[in-house]
Amino acid sequence: MAATATAIPQPQRSSRRWSPKRRRENIYGYLFLAPWLIGFFGLFVGPGLWSLYLSLTKYDVIGTAEFIGTDNYVKMFTNDDLFYSSLWRTFYFAGLGVPLGVLGSMFLAILLNQKLRGVAVYRTFFFMPTLVPLVASVVLWKWLLDTNFGIVNQTLISWGISDPPGWFSDRQWAIPSLIIMRLWGSIGGTQMIIFLAGLQGIPEELYDAAHIDGAGTWGRIRNVTIPLLTPTIFFNTVLGIIGALQTFAAAFVATEGGPGYATWFFSLHIWKQAFDYFNMGYGAALAWFFAIIIVTLTVFQMQLSKRWVFYYGE
Amino acid sequence: MCSARRCTGSRGEGGNAPSSDTVNLIWDTFRGPGTGWNEERIDTFKESHPNVSIEFRPLTGSSQQDNYGKMYAMHAAGDLGDIVAFDPSHYHFWRAIEAGIIGPIQDLADADNLDQSQWFEQFMVLQHYQDTLYGLPSWGWAGHDTLVINKKHFDEAGIEAPDPMGHETSMDTYGEWARSFYQENERFGLAFAYGESAVSVLCRIWNTSFIDPEGTKCLILEDENAQAALRWLYDLSVTDGVLPAPGDNLNANAAQLEGKVTMVWGGSLNTRNFQRDITDESIAEAWQGLFPTREDGKFPSQIRGGTWNMNAGTQHPQEVYDFLKHITNLEGCIGFNLVAGQGALVRPDVLQELISQNPIHEWFVPNLENGIPAYAPANSRGREYTDAIGQRIQILLDKNAPIPFEQGLEELHKSVQDVLDMEPA
């Protein structure tokens, strides 16, 4: 018995000794991961931590960074005329633009999800604005919405509207103009594609069941489509809000923050402070404050999602 | 690393003679890349300085200002070239001097008996700081000193257009024209450039200035002339509503080409560009109107320009200085205009050459000879300064959401003075 017992092979402990094959696999694994890891730590984590340190300094690129504690954070709340106003403008832009964008994309996706002849062509057409480079689309919209000679206002005047909006040149209309420009590029874009994927993931039998229960078109949309699209709505809303809060390029190119600070968004304020005025430390502090705002908002949305997002099969 | 003075001094009596050893220089610039001008300057310099090798490193950024950030970072990393440019009219010249990035060339110029009269005097003023020469001129013009005019409208109205080289037309007359040429939804008589350049010249027309020459004080609240200047503009823009609103500016030049604007507040180079860009001569003919002579005899203008500088840490100041002269001499400056495509009206002889090619350049001579240099914030907060004026003047002059003149003036003054009161950059 004893001999038998000792003959039973003990499972080799996976401990420190890896077989050459396993070791080779690990090396290959890390080699394949290396580009991403290098990028993640070298271009994201490293600079991020460095900017956190910079936010506690006075730094103008030319000289050495001088540690000043939390002065930059105190300054933004107490001694920056553009801090609150740029924050408010940014939330106004996101608050108006994101719901319109998400709803527009969703209803466009519902329309383009119909089994109609030639629908693929329509999908392509609606997606095309997404492919236009931002600067080109800004120039285009600057012309279209030119207050005095643009085709939009000329058309409105020909329809008898004697005092059409000032669009980009009007402080009241500058942000709505940017939202219109953004919607043109985004409603038929990535969000719509994601909604289409979400729609096509809804089981057909649910529609059949609703139909048998007497639901009409609107009833099916309200009781089947929308509830089962809530994960997609949630996803697009989260990404939409993050993207809208970070909006920069459109305002930078179209209006340069004007007229009269009307489109001076928070991201533009950060960029101005850091890269135009070379107040790098203060710019870093603004960026970290904004990152905290966005993370907090996202966490809040995720908590809230438990109340309205439904996952089929759960 | 050595300062220009120490390096020059170390060569003793023969301090200005180029060294015989091979000298390697680096030229970092965002001016001219891709045109061949930089390479041509290097090749021709080598003919007279066979022992000097110059590496040209083009800087590219989405805007000119982007490149200054790069150059500051290169300096901090110890990698900035020997030949650089920190332009006064981009507000980086003084900052770069104070930070020890660019060094003086005064001693080298003195030892060389440099004839500084080969450039217009006003552009040489911009090259000095605390009575010391720090560079030689690159680009330059007289700023927003002109009303770029579509003469066709004047001809059609039977009005004699102003003398393009004269300074007799009053601002009242220009104001009347701005109103009379305006046709609702059809045409503007005048488009104003809502920015620091135009506002500064506007105040100079009224014999004052937006900020004092020292760059420490905004004058618009206490100076009645400055208020009169801004009031003239406010009446046109807000009270009468005959100017395009702020924010419409980006299309003003294009609209003028289509005959939809009679006068655009710009500068000499804009006049030249307008002439160049006209495709339908039945719609537009390029002309210009200058502003009335000031009480001190000066012509309202704002001489703005760039510079070529020597890195304060260069090991080869003599060769750098020689190269600065080479790129700013007659041939270098002509090429800078015609090959590199830059606007460099900084030399009388270059202007003569440009006049021989296009007589319109003659219109620009008076203000170059008798202009007024730009004033800049003493604390080198030029970017904050231009933003403060640009944004606040738009609020003051916004006919879509009018505010009382006095309120707009106070807010504009406060914003600008806040910038001037900042600690030095």
Side-chain angles (χ1 to χ4, degrees), chain A residues 58-65 79-82 85 135 138-139 142-150 153-154 156-158 162-174 177 249 252-264 268-269 271-280, chain B residues 62-63 65-66 68-73 75-76 92 95-96 98-101 184-188 191 194 244-252 254-255 258 260-261 380-384 386-388 390-401 403 408 411 414-415 418-419 422-423 425:
Chain A
K58 185 179 169 189
Y59 178 54
D60 65 355
V61 185
I62 305 171
T64 52
N79 193 24
D80 182 349
D81 290 342
L82 295 172
S85 58
V135 173
V138 167
V139 172
K142 285 283 290 183
W143 274 106
L144 290 173
L145 297 180
D146 185 285
T147 312
N148 309 296
F149 310 118
N153 275 9
Q154 290 292 325
L156 292 175
I157 289 167
S158 72
S162 59
D163 191 20
W167 305 115
F168 290 114
S169 66
D170 187 330
R171 279 183 285 150
Q172 311 294 328
W173 277 95
S177 302
F252 181 65
V253 177
T255 54
E256 298 174 62
Y261 294 112
T263 57
W264 194 280
L268 182 64
H269 192 46
W271 181 86
K272 279 279 180 187
Q273 289 292 339
F275 297 103
D276 207 14
Y277 307 157
F278 297 110
N279 299 323
M280 285 282 177
Chain B
S62 61
S63 73
Q65 288 292 336
D66 284 352
Y68 290 105
K70 289 180 184 173
M71 288 194 286
Y72 287 135
H75 167 74
H92 291 280
R95 185 194 303 222
E98 293 290 349
I101 299 174
E184 191 173 0
N185 296 326
E186 294 292 327
R187 182 171 74 188
F188 284 101
Y194 297 95
D248 284 340
N249 282 320
L250 292 178
N251 291 341
E258 294 180 7
K260 293 176 173 175
V261 180
S380 285
R381 297 281 184 184
R383 298 297 295 165
E384 292 96 320
T386 50
D387 277 342
Q391 297 293 338
R392 286 289 169 193
I393 199 77
Q394 291 179 355
I395 295 174
L396 170 66
L397 300 173
D398 187 356
K399 64 181 175 186
N400 293 312
I403 58 172
E411 290 173 356
K414 180 182 181 306
S415 285
D418 283 350
V419 171
M422 286 180 177
E423 61 178 2

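No hydrogens, no waters, no symmetry mates; every other heavy atom, side chains included, goes into these values. Within every chain, numbering begins at 1; the chains are lettered A, B, ... in the order of the sequence lines, protein sequences first and strands thereafter.
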Under 4.5 Å from any heavy atom of chain A - which part of B:Lys70 = neither
Over all atoms of both residues, closest heavy-atom pair of A:Tyr261 and B:Ala388 = OH-CA, 3.9 Å
ask   = Minimum heavy-atom separation for B:Tyr68 to A:Phe278, with atom names?
value = C-CZ, 4.2 Å
Heavy-atom pairs under 4.5 Å with chain A - which of [options] has more of them than the others?
| options | value |
| --- | --- |
| B:Lys260, B:Met71, B:Glu184, B:Gln65 | B:Lys260 |
| B:His75, B:Arg392, B:Lys399 | B:Arg392 |
| B:Asp387, B:Ile101, B:Asn185 | B:Asp387 |
| B:Ala99, B:Ala76, B:Ala401, B:Ser415 | B:Ala401 |

remark   = One should read off an interatomic distance between B:Gln394 CD and A:Glu256 CD, to the nearest 0.5 angstrom, of 8.5 Å
ask   = What is the distance from atom OG1 of B:Thr386 to atom CG of A:Asp276, rounded to the nearest 0.5 Å?
value = 7.5 Å
Using non-hydrogen atoms and a 4.5 Å limit, figure out which bit of [X] sits close to chain B: side chain, backbone, both or neither.
| X | value |
| --- | --- |
| A:Asp81 | side chain |
| A:Gln154 | side chain |
| A:Ile62 | both |

Less than 4.5 Å apart, side chain to side chain, heavy atoms only: is that true for [X] and [Y]?
| X | Y | answer |
| --- | --- | --- |
| B:Gln391 | A:Leu82 | no |
| A:Asp60 | B:Arg95 | no |
| A:Thr147 | B:Asn400 | no |
| A:Asn279 | B:Glu384 | yes |

message = Tell me which of these, A:Ser162, A:Ala174, A:Gly257, A:Ser169, has more heavy-atom pairs under 4.5 Å with chain B than the rest.
response = A:Ser169
query = With respect to chain B, which residue among A:Phe275, A:Trp264, A:Phe168 yields the maximal number of heavy-atom pairs within a distance under 4.5 Å?
reply = A:Trp264
